[in-house]
S.K.: 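Dropping a structure here in C-alpha coordinates format, bear with me for questions.
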Amino acid sequence: MTHTSVASATAVSAYAAPAPKAPLERITIPRRELGAHDILIEIKYAGICHSDIHTVRAEWGDDGNFPIVPGHEISGVVAEVGAEVSRYAVGDRVGVGCLVDSCRECENCRAGLEQYCTGELGMVGTYNATGRDGEPTYGGYSTHLVVDENYALRIPDGIPLDAAAPLLCAGITLYSPLAHWKAGPGKKVAIVGLGGLGHMGVKIAHAMGAEVTVLSQSLRKKDDGLRLGADHYYATSDPATFEALAGTFDLIINTVSADLDLGAYLGMLRTDGTLVQVGAPENPLSLSAFALLVGRKSIAGSAIGGIPETQRMLDFCGEHGLAADIEVIGAEQINEAYERVLASDVRYRFVIDAATI
Ligand code: NAP
Ligand code: ZN
Ligand code: ZN
(Lines give C-alpha, C1' and ligand atoms only; values in the text may rest on other atoms or scores of the structure.)
(Ligands and ions follow the chains in the order given, each with its own letter.)
Protein backbone atom coordinates (compact mmCIF):
# COMPACT_ATOMS: atom_id res chain seq x y z
CA MET A 1 0.00 0.00 0.00
CA THR A 2 1.34 3.43 -0.81
CA HIS A 3 -0.20 5.37 2.01
CA THR A 4 0.13 9.06 1.32
CA SER A 5 -3.16 10.30 2.71
CA VAL A 6 -5.59 9.32 5.41
CA ALA A 7 -8.36 11.37 3.90
CA SER A 8 -10.22 8.39 2.45
CA ALA A 9 -10.45 4.63 2.65
CA THR A 10 -7.43 2.86 1.23
CA ALA A 11 -7.35 -0.36 -0.79
CA VAL A 12 -5.02 -3.05 0.55
CA SER A 13 -4.14 -6.58 -0.44
CA ALA A 14 -5.65 -9.54 1.44
CA TYR A 15 -6.46 -13.25 1.19
CA ALA A 16 -10.14 -14.13 1.31
CA ALA A 17 -12.49 -17.07 1.02
CA PRO A 18 -14.94 -15.94 -1.70
CA ALA A 19 -17.63 -18.46 -0.68
CA PRO A 20 -18.17 -21.25 1.90
CA LYS A 21 -15.56 -24.04 1.54
CA ALA A 22 -13.91 -22.30 -1.45
CA PRO A 23 -10.10 -21.99 -1.45
CA LEU A 24 -8.71 -18.66 -0.29
CA GLU A 25 -7.43 -16.28 -2.97
CA ARG A 26 -5.87 -12.83 -3.17
CA ILE A 27 -8.29 -9.87 -3.23
CA THR A 28 -8.28 -6.15 -2.56
CA ILE A 29 -10.22 -4.78 0.41
CA PRO A 30 -10.87 -1.28 1.75
CA ARG A 31 -9.45 -0.11 5.08
CA ARG A 32 -11.25 2.88 6.57
CA GLU A 33 -9.68 6.32 6.86
CA LEU A 34 -7.99 6.93 10.22
CA GLY A 35 -10.39 8.23 12.84
CA ALA A 36 -9.11 10.35 15.74
CA HIS A 37 -8.45 7.27 17.91
CA ASP A 38 -7.45 4.87 15.14
CA ILE A 39 -4.02 3.48 14.40
CA LEU A 40 -2.84 2.07 11.09
CA ILE A 41 -0.94 -1.17 11.58
CA GLU A 42 1.48 -2.56 9.03
CA ILE A 43 0.77 -6.25 9.57
CA LYS A 44 3.89 -8.43 9.82
CA TYR A 45 2.37 -11.82 10.69
CA ALA A 46 -1.03 -13.47 11.02
CA GLY A 47 -1.58 -16.83 12.71
CA ILE A 48 -3.96 -19.46 11.33
CA CYS A 49 -6.50 -20.39 14.02
CA HIS A 50 -8.82 -23.36 13.61
CA SER A 51 -11.67 -20.86 14.05
CA ASP A 52 -10.63 -19.32 10.70
CA ILE A 53 -11.25 -22.71 9.13
CA HIS A 54 -14.59 -23.32 10.91
CA THR A 55 -15.70 -19.85 9.71
CA VAL A 56 -14.80 -20.10 6.04
CA ARG A 57 -16.32 -23.58 5.93
CA ALA A 58 -19.52 -22.14 7.47
CA GLU A 59 -19.49 -24.79 10.21
CA TRP A 60 -20.98 -22.66 12.98
CA GLY A 61 -24.56 -22.30 11.75
CA ASP A 62 -23.77 -18.85 10.37
CA ASP A 63 -24.01 -18.24 6.64
CA GLY A 64 -21.00 -15.94 6.80
CA ASN A 65 -20.52 -12.57 5.23
CA PHE A 66 -18.44 -13.59 2.18
CA PRO A 67 -15.87 -12.74 1.00
CA ILE A 68 -14.29 -13.41 4.38
CA VAL A 69 -10.73 -12.32 5.13
CA PRO A 70 -9.85 -14.44 8.19
CA GLY A 71 -7.11 -13.74 10.70
CA HIS A 72 -7.40 -12.74 14.35
CA GLU A 73 -3.87 -13.45 15.52
CA ILE A 74 -2.22 -10.33 14.22
CA SER A 75 1.17 -8.78 14.95
CA GLY A 76 2.70 -5.73 13.35
CA VAL A 77 4.05 -2.25 13.71
CA VAL A 78 2.18 1.05 14.04
CA ALA A 79 2.59 2.93 10.75
CA GLU A 80 0.39 5.96 11.41
CA VAL A 81 -1.71 7.35 14.25
CA GLY A 82 -4.96 9.37 14.34
CA ALA A 83 -5.04 12.92 15.70
CA GLU A 84 -6.01 11.99 19.27
CA VAL A 85 -4.20 8.70 19.74
CA SER A 86 -2.43 8.61 23.10
CA ARG A 87 -1.55 4.96 23.72
CA TYR A 88 0.64 4.23 20.70
CA ALA A 89 3.25 5.91 18.54
CA VAL A 90 4.57 5.16 15.06
CA GLY A 91 6.98 2.22 15.26
CA ASP A 92 5.37 0.52 18.29
CA ARG A 93 5.03 -3.28 18.16
CA VAL A 94 1.38 -4.15 18.49
CA GLY A 95 -1.08 -6.99 18.20
CA VAL A 96 -4.78 -7.38 17.47
CA GLY A 97 -6.82 -10.40 18.52
CA CYS A 98 -10.39 -11.54 17.96
CA LEU A 99 -12.21 -8.30 18.70
CA VAL A 100 -11.83 -4.78 17.31
CA ASP A 101 -14.66 -2.98 19.10
CA SER A 102 -17.54 -3.35 21.59
CA CYS A 103 -20.14 -1.05 23.14
CA ARG A 104 -17.75 0.16 25.92
CA GLU A 105 -20.72 0.87 28.23
CA CYS A 106 -22.28 -2.40 29.35
CA GLU A 107 -21.37 -4.13 32.59
CA ASN A 108 -19.04 -6.56 30.83
CA CYS A 109 -17.24 -3.90 28.81
CA ARG A 110 -16.69 -1.86 31.96
CA ALA A 111 -15.29 -4.96 33.67
CA GLY A 112 -12.81 -5.56 30.85
CA LEU A 113 -14.81 -8.50 29.51
CA GLU A 114 -15.40 -6.95 26.10
CA GLN A 115 -15.62 -10.40 24.52
CA TYR A 116 -18.92 -10.84 26.39
CA CYS A 117 -20.30 -7.39 25.47
CA THR A 118 -24.08 -7.30 25.96
CA GLY A 119 -24.55 -3.84 24.44
CA GLU A 120 -26.30 -3.26 21.17
CA LEU A 121 -23.04 -3.30 19.23
CA GLY A 122 -21.86 -6.52 20.89
CA MET A 123 -18.34 -7.77 20.49
CA VAL A 124 -17.23 -6.74 17.01
CA GLY A 125 -15.19 -9.61 15.59
CA THR A 126 -11.98 -8.83 13.77
CA TYR A 127 -13.54 -10.46 10.69
CA ASN A 128 -16.94 -11.67 9.48
CA ALA A 129 -18.62 -8.97 11.58
CA THR A 130 -20.05 -5.50 11.07
CA GLY A 131 -18.30 -2.52 12.63
CA ARG A 132 -19.69 0.61 14.26
CA ASP A 133 -19.59 2.26 10.82
CA GLY A 134 -21.86 -0.42 9.33
CA GLU A 135 -19.05 -1.81 7.18
CA PRO A 136 -17.84 -5.42 7.18
CA THR A 137 -14.71 -6.18 9.16
CA TYR A 138 -11.80 -7.91 7.46
CA GLY A 139 -9.12 -9.79 9.37
CA GLY A 140 -5.39 -10.16 9.46
CA TYR A 141 -4.61 -12.14 6.29
CA SER A 142 -3.82 -8.73 4.90
CA THR A 143 -1.04 -6.15 4.67
CA HIS A 144 -2.60 -3.40 6.80
CA LEU A 145 -5.30 -2.94 9.41
CA VAL A 146 -6.98 0.13 10.90
CA VAL A 147 -8.12 -0.35 14.49
CA ASP A 148 -9.17 1.78 17.45
CA GLU A 149 -6.19 2.17 19.77
CA ASN A 150 -8.24 0.77 22.68
CA TYR A 151 -8.50 -2.61 20.95
CA ALA A 152 -4.79 -2.99 20.15
CA LEU A 153 -2.29 -4.66 22.48
CA ARG A 154 1.36 -3.95 23.16
CA ILE A 155 3.76 -6.80 22.34
CA PRO A 156 6.65 -7.05 24.83
CA ASP A 157 10.09 -6.41 23.29
CA GLY A 158 11.41 -9.87 24.07
CA ILE A 159 8.82 -11.71 21.95
CA PRO A 160 9.55 -11.96 18.20
CA LEU A 161 6.59 -10.72 16.15
CA ASP A 162 6.11 -14.02 14.29
CA ALA A 163 5.90 -16.16 17.44
CA ALA A 164 3.84 -13.45 19.18
CA ALA A 165 0.96 -13.47 16.69
CA PRO A 166 -0.70 -16.71 17.95
CA LEU A 167 -0.75 -15.36 21.50
CA LEU A 168 -3.53 -12.99 20.42
CA CYS A 169 -6.00 -15.88 20.19
CA ALA A 170 -4.44 -19.22 21.16
CA GLY A 171 -2.51 -17.62 24.03
CA ILE A 172 -5.36 -15.67 25.59
CA THR A 173 -7.93 -18.44 25.04
CA LEU A 174 -5.91 -20.71 27.33
CA TYR A 175 -4.53 -18.07 29.69
CA SER A 176 -7.99 -16.79 30.61
CA PRO A 177 -9.50 -20.09 31.91
CA LEU A 178 -6.19 -21.15 33.48
CA ALA A 179 -6.16 -17.88 35.44
CA HIS A 180 -9.90 -17.94 36.21
CA TRP A 181 -9.82 -21.52 37.56
CA LYS A 182 -6.54 -20.81 39.36
CA ALA A 183 -4.07 -23.17 37.73
CA GLY A 184 -0.95 -23.03 39.88
CA PRO A 185 1.19 -24.99 42.34
CA GLY A 186 -0.65 -28.00 43.74
CA LYS A 187 -3.18 -28.07 40.89
CA LYS A 188 -3.39 -30.90 38.37
CA VAL A 189 -4.35 -29.60 34.95
CA ALA A 190 -5.03 -31.61 31.79
CA ILE A 191 -4.94 -30.11 28.33
CA VAL A 192 -6.92 -32.09 25.75
CA GLY A 193 -5.58 -31.74 22.18
CA LEU A 194 -2.03 -30.63 21.41
CA GLY A 195 -2.71 -28.19 18.59
CA GLY A 196 -2.41 -24.41 18.43
CA LEU A 197 -4.46 -23.74 21.57
CA GLY A 198 -3.28 -26.84 23.41
CA HIS A 199 0.43 -26.20 23.05
CA MET A 200 -0.01 -22.69 24.47
CA GLY A 201 -2.07 -24.19 27.30
CA VAL A 202 0.80 -26.52 28.21
CA LYS A 203 3.35 -23.70 28.22
CA ILE A 204 1.19 -21.28 30.21
CA ALA A 205 -0.11 -23.82 32.77
CA HIS A 206 3.48 -24.99 33.35
CA ALA A 207 4.66 -21.38 33.80
CA MET A 208 1.83 -20.84 36.32
CA GLY A 209 3.25 -23.75 38.34
CA ALA A 210 0.57 -26.40 37.74
CA GLU A 211 1.25 -30.10 37.18
CA VAL A 212 0.37 -30.51 33.51
CA THR A 213 -0.85 -33.56 31.59
CA VAL A 214 -1.42 -33.69 27.84
CA LEU A 215 -4.28 -35.87 26.59
CA SER A 216 -3.64 -36.35 22.88
CA GLN A 217 -5.08 -38.80 20.39
CA SER A 218 -1.75 -40.65 20.17
CA LEU A 219 1.77 -40.60 21.63
CA ARG A 220 3.11 -39.22 18.33
CA LYS A 221 3.87 -35.79 19.82
CA LYS A 222 4.92 -36.97 23.30
CA ASP A 223 8.52 -35.66 23.09
CA ASP A 224 7.22 -32.25 22.04
CA GLY A 225 4.64 -32.19 24.80
CA LEU A 226 7.24 -32.89 27.48
CA ARG A 227 9.60 -30.30 25.97
CA LEU A 228 6.77 -27.71 26.01
CA GLY A 229 6.39 -28.21 29.76
CA ALA A 230 4.05 -31.15 30.31
CA ASP A 231 4.80 -33.48 33.24
CA HIS A 232 2.77 -36.38 31.80
CA TYR A 233 1.46 -37.39 28.39
CA TYR A 234 -1.26 -39.92 27.59
CA ALA A 235 -2.98 -41.21 24.46
CA THR A 236 -6.77 -41.02 24.51
CA SER A 237 -6.95 -43.74 21.84
CA ASP A 238 -5.95 -46.15 24.63
CA PRO A 239 -8.95 -46.95 26.90
CA ALA A 240 -6.50 -47.71 29.75
CA THR A 241 -5.74 -43.94 29.93
CA PHE A 242 -9.25 -43.23 31.23
CA GLU A 243 -8.90 -45.90 33.93
CA ALA A 244 -5.40 -44.89 34.97
CA LEU A 245 -6.38 -41.22 35.33
CA ALA A 246 -9.84 -41.64 36.89
CA GLY A 247 -10.47 -38.95 39.53
CA THR A 248 -7.14 -37.17 38.90
CA PHE A 249 -7.57 -33.61 37.65
CA ASP A 250 -8.71 -30.35 39.24
CA LEU A 251 -9.11 -28.80 35.80
CA ILE A 252 -9.42 -30.19 32.29
CA ILE A 253 -9.34 -27.80 29.34
CA ASN A 254 -10.75 -29.26 26.14
CA THR A 255 -9.30 -27.58 23.05
CA VAL A 256 -10.48 -30.20 20.57
CA SER A 257 -12.16 -28.91 17.40
CA ALA A 258 -14.17 -32.14 16.91
CA ASP A 259 -16.79 -34.09 18.90
CA LEU A 260 -15.53 -35.87 22.03
CA ASP A 261 -17.17 -38.20 24.55
CA LEU A 262 -17.17 -35.60 27.33
CA GLY A 263 -18.58 -38.04 29.88
CA ALA A 264 -15.43 -40.12 29.61
CA TYR A 265 -13.30 -37.03 30.24
CA LEU A 266 -15.39 -35.95 33.24
CA GLY A 267 -14.48 -39.30 34.79
CA MET A 268 -10.88 -38.05 35.02
CA LEU A 269 -11.88 -35.07 37.23
CA ARG A 270 -11.58 -35.12 41.00
CA THR A 271 -14.64 -34.31 43.10
CA ASP A 272 -15.56 -30.66 42.45
CA GLY A 273 -13.34 -30.56 39.37
CA THR A 274 -14.17 -28.51 36.28
CA LEU A 275 -13.95 -29.27 32.58
CA VAL A 276 -13.67 -26.09 30.55
CA GLN A 277 -14.74 -26.29 26.93
CA VAL A 278 -12.79 -23.96 24.65
CA GLY A 279 -12.90 -26.04 21.46
CA ALA A 280 -15.89 -25.07 19.32
CA PRO A 281 -16.99 -28.11 17.29
CA GLU A 282 -19.72 -27.91 14.71
CA ASN A 283 -22.15 -30.18 16.61
CA PRO A 284 -23.84 -29.67 20.03
CA LEU A 285 -22.18 -31.24 23.07
CA SER A 286 -23.82 -34.27 24.62
CA LEU A 287 -23.27 -36.13 27.87
CA SER A 288 -25.10 -38.15 30.50
CA ALA A 289 -26.27 -36.20 33.57
CA PHE A 290 -24.66 -38.84 35.80
CA ALA A 291 -21.21 -37.85 34.56
CA LEU A 292 -21.81 -34.50 36.31
CA LEU A 293 -23.82 -35.64 39.35
CA VAL A 294 -21.33 -38.13 40.66
CA GLY A 295 -18.48 -36.08 42.12
CA ARG A 296 -20.28 -32.69 41.91
CA LYS A 297 -18.48 -31.88 38.67
CA SER A 298 -18.79 -28.77 36.55
CA ILE A 299 -18.62 -28.18 32.86
CA ALA A 300 -17.91 -24.61 31.81
CA GLY A 301 -16.96 -22.63 28.75
CA SER A 302 -14.61 -19.76 28.07
CA ALA A 303 -14.17 -17.47 25.07
CA ILE A 304 -10.86 -15.70 24.35
CA GLY A 305 -10.30 -12.91 26.90
CA GLY A 306 -10.96 -9.20 27.33
CA ILE A 307 -8.52 -6.45 26.36
CA PRO A 308 -6.96 -5.88 29.83
CA GLU A 309 -6.50 -9.61 30.36
CA THR A 310 -4.99 -10.04 26.90
CA GLN A 311 -2.39 -7.42 27.83
CA ARG A 312 -1.73 -9.24 31.12
CA MET A 313 -1.25 -12.47 29.16
CA LEU A 314 1.24 -10.81 26.77
CA ASP A 315 3.18 -9.34 29.70
CA PHE A 316 3.15 -12.75 31.45
CA CYS A 317 4.52 -14.37 28.28
CA GLY A 318 7.17 -11.64 28.03
CA GLU A 319 8.26 -12.21 31.64
CA HIS A 320 8.37 -16.00 31.27
CA GLY A 321 9.90 -16.07 27.79
CA LEU A 322 6.84 -17.74 26.28
CA ALA A 323 5.61 -17.60 22.69
CA ALA A 324 4.13 -19.98 20.16
CA ASP A 325 6.02 -22.74 18.32
CA ILE A 326 5.38 -21.77 14.73
CA GLU A 327 5.87 -22.67 11.09
CA VAL A 328 6.02 -19.49 8.99
CA ILE A 329 4.41 -19.83 5.56
CA GLY A 330 3.83 -17.66 2.49
CA ALA A 331 0.29 -16.63 1.59
CA GLU A 332 0.23 -19.07 -1.34
CA GLN A 333 0.46 -21.93 1.18
CA ILE A 334 -2.66 -20.96 3.19
CA ASN A 335 -4.96 -23.55 1.60
CA GLU A 336 -2.42 -26.32 2.07
CA ALA A 337 -1.90 -25.22 5.69
CA TYR A 338 -5.66 -25.48 6.29
CA GLU A 339 -5.59 -29.12 5.13
CA ARG A 340 -2.69 -29.84 7.46
CA VAL A 341 -4.51 -28.26 10.44
CA LEU A 342 -7.54 -30.41 9.67
CA ALA A 343 -5.28 -33.49 9.69
CA SER A 344 -3.84 -32.48 13.14
CA ASP A 345 -0.52 -32.01 11.30
CA VAL A 346 0.49 -28.67 12.79
CA ARG A 347 3.46 -28.01 15.06
CA TYR A 348 2.02 -25.94 16.49
CA ARG A 349 0.75 -22.90 14.65
CA PHE A 350 1.01 -21.77 11.05
CA VAL A 351 1.84 -18.09 10.77
CA ILE A 352 1.52 -16.20 7.49
CA ASP A 353 4.33 -13.79 6.57
CA ALA A 354 2.27 -10.74 5.56
CA ALA A 355 5.03 -9.56 3.22
CA THR A 356 3.90 -12.36 0.86
CA ILE A 357 0.30 -11.07 0.74
P1 NAP B 1 -5.92 -27.17 16.14
O2 NAP B 1 -4.59 -26.51 16.07
O3 NAP B 1 -6.46 -27.87 14.95
O4 NAP B 1 -5.89 -28.14 17.41
C5 NAP B 1 -6.96 -28.99 17.75
C6 NAP B 1 -6.39 -30.29 18.29
O7 NAP B 1 -7.48 -31.11 18.66
C8 NAP B 1 -5.62 -31.11 17.29
O9 NAP B 1 -4.27 -30.74 17.18
C10 NAP B 1 -5.76 -32.50 17.86
O11 NAP B 1 -4.81 -32.68 18.90
C12 NAP B 1 -7.12 -32.48 18.50
N13 NAP B 1 -8.13 -33.11 17.62
C14 NAP B 1 -8.48 -32.75 16.37
N15 NAP B 1 -9.42 -33.56 15.88
C16 NAP B 1 -9.68 -34.47 16.86
C17 NAP B 1 -10.57 -35.56 16.97
N18 NAP B 1 -11.37 -35.91 15.96
N19 NAP B 1 -10.58 -36.24 18.13
C20 NAP B 1 -9.77 -35.92 19.15
N21 NAP B 1 -8.89 -34.89 19.09
C22 NAP B 1 -8.86 -34.19 17.97
O23 NAP B 1 -7.04 -26.10 16.51
P24 NAP B 1 -6.95 -24.79 17.45
O25 NAP B 1 -6.65 -23.62 16.59
O26 NAP B 1 -6.11 -25.10 18.61
O27 NAP B 1 -8.49 -24.62 17.86
C28 NAP B 1 -9.14 -25.66 18.58
C29 NAP B 1 -10.62 -25.37 18.74
O30 NAP B 1 -10.78 -24.24 19.59
C31 NAP B 1 -11.35 -25.03 17.45
O32 NAP B 1 -12.64 -25.60 17.51
C33 NAP B 1 -11.44 -23.51 17.49
O34 NAP B 1 -12.50 -22.99 16.74
C35 NAP B 1 -11.65 -23.30 18.96
N36 NAP B 1 -11.30 -21.97 19.47
C37 NAP B 1 -12.02 -21.49 20.51
C38 NAP B 1 -11.69 -20.27 21.06
C39 NAP B 1 -12.45 -19.75 22.24
O40 NAP B 1 -12.43 -18.55 22.48
N41 NAP B 1 -13.09 -20.60 23.02
C42 NAP B 1 -10.62 -19.54 20.55
C43 NAP B 1 -9.89 -20.07 19.51
C44 NAP B 1 -10.23 -21.29 18.97
P45 NAP B 1 -4.00 -34.08 19.08
O46 NAP B 1 -3.34 -34.33 17.77
O47 NAP B 1 -3.06 -33.79 20.19
O48 NAP B 1 -5.00 -35.13 19.44
ZN1 ZN C 1 -8.80 -18.00 17.15
ZN1 ZN D 1 -20.42 -3.81 25.96
Side-chain angles (χ1 to χ4, degrees), residues 46-57 59-60 70-74 97-99 101-127 139-140 165-177 191-202 214-222 224-225 228 230 233-237 253-262 264-265 276-283 300-307 310 324-325 327 337-350:
I48 294 180
C49 176
H50 206 119
S51 300
D52 300 346
I53 303 175
H54 289 302
T55 305
V56 302
R57 293 162 69 101
E59 287 177 350
W60 283 341
H72 57 209
E73 294 186 335
I74 302 164
C98 301
L99 67 155
D101 207 348
S102 64
C103 87
R104 310 176 192 205
E105 286 162 5
C106 72
E107 191 182 350
N108 286 339
C109 281
R110 282 188 279 112
L113 295 168
E114 299 90 345
Q115 78 276 33
Y116 305 133
C117 174
T118 56
E120 207 177 314
L121 189 63
M123 167 195 134
V124 178
T126 304
Y127 61 81
L167 300 178
L168 275 302
C169 177
I172 184 60
T173 299
L174 272 291
Y175 179 90
S176 184
I191 304 288
V192 190
L194 193 66
L197 267 55
H199 97 290
M200 285 313 309
V202 171
V214 173
L215 300 172
S216 179
Q217 291 167 97
S218 72
L219 296 179
R220 214 159 36 99
K221 295 179 277 193
K222 181 174 179 181
D224 285 356
L228 295 168
Y233 200 106
Y234 288 85
T236 53
S237 53
I253 302 193
N254 177 21
T255 76
V256 172
S257 48
D259 302 336
L260 277 194
D261 176 5
L262 289 184
Y265 287 80
V276 181
Q277 181 70 31
V278 297
E282 183 172 7
N283 300 317
S302 184
I304 48 170
I307 296 296
T310 304
D325 283 26
E327 185 173 335
Y338 274 25
E339 292 306 320
R340 287 183 53 195
V341 172
L342 289 168
S344 298
D345 177 25
V346 51
R347 299 198 180 189
Y348 282 85
R349 203 55 142 184
F350 290 108

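When a ligand or atom number is given, it counts from 1 through the structure's own listing order.
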S.K.: Measure the shortest side-chain to side-chain distance between L174 and I191 over non-hydrogen atoms and say whether it is less than 4.5 angstrom.
M.R.: yes

S.K.: Provide the atom name of the closest N, O or S atom of H72 relative to the Zn ion (ligand 2).
M.R.: NE2

S.K.: Out of all atoms in ligand 1, which are within 4.0 Å of some heavy atom of L260? Include the element for each.
M.R.: 20 (C)

S.K.: Mind listing the closest non-hydrogen atom pair of G47 and D52 along with its distance?
M.R.: O-OD2, 3.7 Å

S.K.: Under 4.0 Å from a heavy atom of G193: which atoms of ligand 1 are those, numbered in the order shown and with their elements?
M.R.: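 Selected atoms, number and element: 11 (O), 47 (O).
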
S.K.: Taking distance alone, with no angle check, do S302 and ligand 1 share an N/O pair under 3.5 Å?
M.R.: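 There is such a contact, yes.
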
S.K.: What residue and heavy atom of the protein are closest to atom 13 (N) of ligand 1, and at what distance?
M.R.: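 The answer is Q217 NE2, 3.5 Å.
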
S.K.: Got a donor-acceptor contact below 3.5 angstrom from the E114 side chain to the I307 backbone?
M.R.: yes

S.K.: Looking at side-chain heavy atoms only, is the closest gap between T236 and S216 below 4.5 Å?
M.R.: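 A side-chain contact is absent here, since even the closest heavy-atom pair is not under 4.5 Å.
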
S.K.: Give the single entry among H54, R347, H50 that approaches atom 32 (O) of ligand 1 most closely by any heavy atom.
M.R.: H54

S.K.: Of the protein's non-hydrogen atoms, which lies at the shortest distance from atom 46 (O) of ligand 1, and what is that distance?
M.R.: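 That would be K221 NZ, 2.7 Å.
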
S.K.: Classify the contact between L342 and ligand 1 as side chain, backbone, both or neither, using a heavy-atom distance cut-off of under 4.0 Å.
M.R.: neither

S.K.: From atom 42 (C) of ligand 1, work out which of D224, V346, V341, T173 has a heavy atom at the shortest distance.
M.R.: T173

S.K.: At a 4.0 Å threshold, what atoms of ligand 1 neighbour a non-hydrogen atom of W60?
M.R.: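 Matching atoms, with element in brackets: 34 (O).
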
S.K.: Quick one: does T255's side chain have a donor or acceptor within less than 3.5 Å of a partner on V192's backbone?
M.R.: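 Flag set: sc T255 to bb V192 pair under 3.5 Å.
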
S.K.: Can you give the angle C117 SG - the Zn ion (ligand 3) - C103 SG, rounded to 10°?
M.R.: 100°

S.K.: Could you work out, for atom 41 (N) of ligand 1, the closest of D345, V278, N254 by heavy-atom distance?
M.R.: V278

S.K.: Do D259 and P281 have side chains that get closer than 4.5 Å, going by heavy atoms?
M.R.: yes

S.K.: Rounded to 10°, how big is the angle at the Zn ion (ligand 2) from C49 SG to C169 SG?
M.R.: 130°

S.K.: Of the listed options (L197, T255, T55, I191), which comes nearest to atom 28 (C) of ligand 1 when hydrogens are ignored and any heavy atom counts?
M.R.: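 The option holding the nearest heavy atom is T255.
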
S.K.: Would R340 and E327 pass as an ion pair if we require N to O under 4.0 Å?
M.R.: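 Looking at R340 and E327, the cut-off is met.
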
S.K.: For atom 14 (C) of ligand 1, grab the closest protein heavy atom and report residue, atom and distance to one decimal in Å.
M.R.: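 Looking only at protein heavy atoms, the one closest to atom 14 (C) of ligand 1 is S344 OG, 3.5 Å.
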
S.K.: Measuring from atom 2 (O) of ligand 1, which candidate in G196, G47, P166 has the nearest non-hydrogen atom?
M.R.: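 Result: the heavy atom closest to atom 2 (O) of ligand 1 is in G196.
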
S.K.: Can you find an N or O of V256 that's nearer than 3.5 Å to an N or O of ligand 1?
M.R.: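 No; the residue has no nitrogen or oxygen that sits under 3.5 Å from a nitrogen or oxygen of the ligand.
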
S.K.: Closest non-hydrogen protein atom to atom 25 (O) of ligand 1, residue and atom name please, with distance?
M.R.: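 Answer, as residue, atom name and distance: R349 NH1, 2.6 Å.
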
S.K.: Spell out, as yes or no, whether a donor-acceptor pair under 3.5 Å connects the side chain of T126 to the backbone of C98.
M.R.: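 Here the side-chain-to-backbone pair exists.
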
S.K.: Looking at I172, is its backbone amide N or carbonyl O close enough to the side chain of S176 to form a donor-acceptor pair, meaning the two atoms are under 3.5 Å apart?
M.R.: no

S.K.: Do I53 and E59 come close enough that some side-chain heavy atom pair is under 4.5 Å?
M.R.: no

S.K.: For the residue pair Y175 and T310, establish whether any side-chain heavy-atom pair is separated by less than 4.5 Å.
M.R.: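 Sidechains of T310 and Y175: no contact.
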
S.K.: Any sub-3.5 Å donor-acceptor pair from D224's side-chain atoms to K221's backbone N or O?
M.R.: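 Looks like no, no N/O pair under 3.5 Å.
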
S.K.: Starting from atom 43 (C) of ligand 1, locate the nearest protein heavy atom and write down its residue, its atom name and how far away it is, to 0.1 Å.
M.R.: C169 SG, 3.3 Å

S.K.: Take Q277 and L262 through the side-chain contact (heavy atoms from CB on, under 4.5 Å) test and state the conclusion after the steps.
M.R.: CA-CA 10 Å; Q277 181 70 31; L262 289 184; 3.9 Å; yes

S.K.: Ignoring hydrogens, just give me the one of S216, G195, G301 whose non-hydrogen atom is nearest atom 6 (C) of ligand 1.
M.R.: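 When every heavy atom of S216, G195, G301 is considered, G195 comes closest to atom 6 (C) of ligand 1.
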
S.K.: Note the single closest protein heavy atom to atom 33 (C) of ligand 1, along with its residue, its atom name and the distance in Å.
M.R.: S51 OG, 3.4 Å

S.K.: Thinking salt bridges, do R349 and D325 make one under a 4.0 Å N-O criterion?
M.R.: no

S.K.: Can you report which non-hydrogen protein atom sits closest to atom 40 (O) of ligand 1, along with the distance?
M.R.: I304 N, 2.8 Å

S.K.: For atom 11 (O) of ligand 1, what is the nearest protein heavy atom, given as residue, atom name and distance?
M.R.: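 For this ligand atom, the closest protein heavy atom is L194 N, 3.3 Å.
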
S.K.: Does H50 bring an N, O or S atom to under 2.8 Å of the Zn ion (ligand 2)?
M.R.: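 False for H50.
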
